[in-house]
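Treat the numbers as computed from the prediction; the structure is a model and nothing was measured. Here is the naming used below: chain letters follow the sequence lines, and residue numbers restart at 1 for every chain.
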Amino acid sequence: MYIKDLHAFEGKEVTLKGWVANRRDSKGLVFINLRDGSGVCQCVADANKISEEDFNNAGKLGLESAIELNGTVLKDDRQIGGYEVQISSLKVIQFVDNYPIAKKEHGVDFLMDNRHLWLRSQRQWAIMRIRNTIIFAIHKFFQQEGFVQMDAPVFTGNACEGTTNLFETDFYGDPAYLSQSGQLYGEAMAMAFGKIYTFGPTFRAEKSKTRRHLSEFWMIEPEMAFYDIHQNMDLIESFLQFVIKEVLDSCQKELTLIERDTTILQSSLKKFPRLTYDEAVAIIKGEKDVNGVNSIRSLEEELAKVEAEIHAVTSEINEREAKIAAPGMKKGEINFNQNKIATLKSDLKELEEQQRNIPQWIESAKNFRYGNDLGGSDETVITRLFDVPIMVYDWPHEVKAFYLKRNPDDARFARGVDVLAPEGYGEIVGGGERETNEQMLRDKITEHELPMADFEWYLDLRRFGSVPHAGFGLGLERLVTWMCKLKHVRESIPFPRMYGRLLP
RNA sequence: UCCUCAAUAGCUCAGCUGGUUAGAGCGAGUGACUGUUAAUCACUAGGUCCCUGGUUCGAGCCCAGGUUGGGGAGCCA
């Protein structure tokens, strides 16, 4: 019997097993918020309706105590799930004291140290369920489309895209690296099965501490024989929209719980704009408007708005502080104001960060040098003009991986495509059409100073039945982060591995 | 690797220009209250002010170096 099924048992006697998520006392009454993994519901122990021993035990339950109880399911519209349970008997499996995560805001470092317990909280519960839905939807889509799931090795002897950022390990005395992409193996598998996708862990030893990076993350890499870049983009679009739709259809409760405004997810079901690198650069530099909106001018307006908000928030904080300092305020009211001030102060910190960032974005957008890759701020500058993910393709070949095909009509460009998520989330997909010409590949491998011998097997694919083919890589955690509108990727995976974080 | 911000009670933070015994809220403990939703109210306990050195009559506060963490750049999904 699980809490999610209570609605089917109205008026009936049920047995629930779970953990105490919260407890409140009153004379003769104990309210327990019980959590069982499927949901949360309030259970009431009434001194007049249960044994004295059970009632005393109920009053002593600390947070996260484990219990089993029998009770009657009653409809109660005041409750989150719409039902509450009137306890008739209670069995304590374990009493718990001093559970470290309090019913209060905590800092990131503390929560990360307690990740194994943090996962029990409502918000993390909802995020992990959405992650699960996304993973299932990914498999569903590709299986439905006739793709074969095949995984690439995790140990590799050579670097796919350069030798930096690799974790080195010992492989029977030889150096081996943890995979940073299954891409090249995916191409080999696509030549055997037509359409394949990999779904596995990926490792990047980047010493970066940003909200977008993990050292270990999960990547989905489809590869399709006989696809060109345009068919690739068609597939990316229908794939992402399938996943978004699945989440909207089956995770309403979770999205509400994490307070995700789904407007952008809804609007992402329309066509994704496809921009060439040239068009994207013109938009970023403010030389080309999007629906009458200019990137630079809208940033300047945003900055003015942020500054006005900072002013408003600052004066509200001062006002409330003055009120508290004045004599005669009741304790409850003081608490209320202090909480309010704490919230306002953290808002203020974020606003001030924006105030510092926006001028830098404007500068870097104005001074963007044609031919460079887009930086994090450039991605923010362009994506905030759209309410849907955008696809940027045909990149200067110098900034992209060696295996991307040159545009046959303009050799300056490689047929890569990046998908940039809206709301400032940036790149969630990178892919493209692959180079089929053996000599072009050899030149590129030399140019990137990669060891040719390690790539002979890969070049075999160009010698024996080379055909046009394309594919892409999706970072699962970045997709989860965007869809849940999280502040940081670390909340999108159960146990994040990142620079400076190996435990728990 | 670089830039930037921070570290004070179990947690989140305040601590004025360097000045006597370092504060609040939450959490914990005890008690009160028969419908609470982060319940409320009263009382109690709880401190190596990150570390090392320096300046000073005096350092939580100033200076130098380090450690750890946050945000960002580079690079990337």
Subject >> Test side chain to side chain contact (heavy atoms under 4.5 Å, CB included) applied to A:Q122 and A:N33, A:L257, A:I127, the passing residue >> reply: A:L257
Original post:
Within the modelled atom types, does a donor on one side and an acceptor on the other bring the side chain of A:N48 and the base of B:rU34 under 3.5 Å apart?
Top reply: yes
Original post:
Can you tell which of B:rU37, B:rG35, B:rG69 lies closest to the side chain of A:R24?
Top reply: B:rU37
**OP:** In whole angstrom, give me the gap between the C1' atoms of B:rC26 and B:rA45.
**Re:** 15 Å
**OP:** Rounded to the nearest angstrom, tell me the gap between atom OH in A:Y499 and atom P in B:rA73.
**Re:** 17 Å
**OP:** Could you check whether A:Q42 gets within reach of a base, just the sugar-phosphate, or nothing at all, counting any heavy atom under 4.0 Å?
**Re:** base
Original post:
Can you find a donor-acceptor pair, distance only, under 3.5 Å between A:Q79 side chain and B:rU36 base?
Top reply: yes
Original post:
Does some side-chain heavy atom of A:E254 sit less than 4.5 Å from a side-chain heavy atom of A:T133?
Top reply: no
Original post:
Side-chain contact, heavy-atom cut-off 4.5 Å: A:Q149 with A:F199?
Top reply: yes
Subject >> Polar side chain donor-acceptor pair, A:Q183 to A:E221, under 3.5 angstrom >> reply: no
Original post:
Which of these nucleotides, B:rA77, B:rU34, B:rA73, is closest to any side-chain atom of A:F217?
Top reply: B:rA77
Subject >> Given RNA chain B, 5'-ward residue of the pair A:D76 and A:P100, judged by closest heavy atom >> reply: A:P100
Original post:
What interatomic distance, in whole Å, is found between P of B:rG47 and the corresponding atom of B:rG66?
Top reply: 32 Å
**OP:** Using only heavy-atom distances, decide whether a donor-acceptor pair under 3.5 angstrom links the side-chain of A:R478 to the base of B:rC76.
**Re:** yes
Original post:
If you take atom types as modelled and just measure distance, does the side chain of A:H106 reach the base of B:rC11 with a donor-acceptor pair under 3.5 Å?
Top reply: no
**OP:** For the residue pair A:L486 and A:S492, establish whether any side-chain heavy-atom pair is separated by less than 4.5 Å.
**Re:** yes
Original post:
Are any of A:R211's side-chain N or O atoms less than 4.0 Å away from OP1 or OP2 of B:rG72?
Top reply: yes
Subject >> Centroid separation A:H116 to A:F495 less than 6.0 Å >> reply: no
**OP:** Using the six-membered ring for Trp and the full ring for Phe, Tyr or His, decide whether A:F31 stacks on the six-membered base ring of B:rG35 (centres under 5.5 Å, planes under 30°).
**Re:** no
Original post:
Does A:R212 place a side-chain N or O at less than 4.0 Å from the phosphate oxygens OP1/OP2 of B:rA73?
Top reply: yes
**OP:** Could you tell me whether A:L214 contacts a base, only the sugar-phosphate backbone, or nothing, with contacts defined as non-hydrogen atoms closer than 4.0 Å?
**Re:** base
Subject >> A:S26, nearest nucleotide to its side chain (from B:rG70, B:rG35, B:rG74) >> reply: B:rG35
Original post:
Quantified in whole Å, what is the P atom distance between nucleotide B:rG46 and nucleotide B:rA22?
Top reply: 13 Å
Subject >> Phosphate contact (B:rG71 OP1 or OP2) by A:H488 side-chain N/O below 4.0 Å >> reply: yes
Original post:
For the ring pair A:F203 and A:Y177, is the centre-to-centre distance below 6.0 Å?
Top reply: no
Subject >> Between B:rU21 and B:rG15 - C1' atom distance, rounded Å >> reply: 15 Å
Original post:
Expressed in whole Å, how much space separates the P atoms belonging to B:rC13 and B:rG71?
Top reply: 14 Å
**OP:** Pick the P atom in B:rC50 and in B:rA7, then give their distance to the nearest Å.
**Re:** 8 Å
Original post:
B:rG71 phosphate, OP1 or OP2: any side-chain N/O from A:R490 under 4.0 angstrom?
Top reply: yes
Subject >> Gap in Å between the two P atoms, one belonging to B:rG70 and one to B:rU8, rounded >> reply: 15 Å
Original post:
In dot-bracket, 5' to 3', how would RNA chain B read with Watson-Crick or G-U wobble pairs under 3.5 Å, [ ] for crossing ones and | for pairs to another strand?
Top reply: (((((((..((((.....[...)))).(((((.......))))).....(((((..]....))))))))))))....
**OP:** Please measure how far the C1' atom in B:rU34 lies from the corresponding atom in B:rG27, and state the result in whole Å.
**Re:** 26 Å
**OP:** With the side chain counted from C-beta on, respond yes when A:R434 and A:L404 share a heavy-atom pair under 4.5 Å apart, and no when they do not.
**Re:** yes
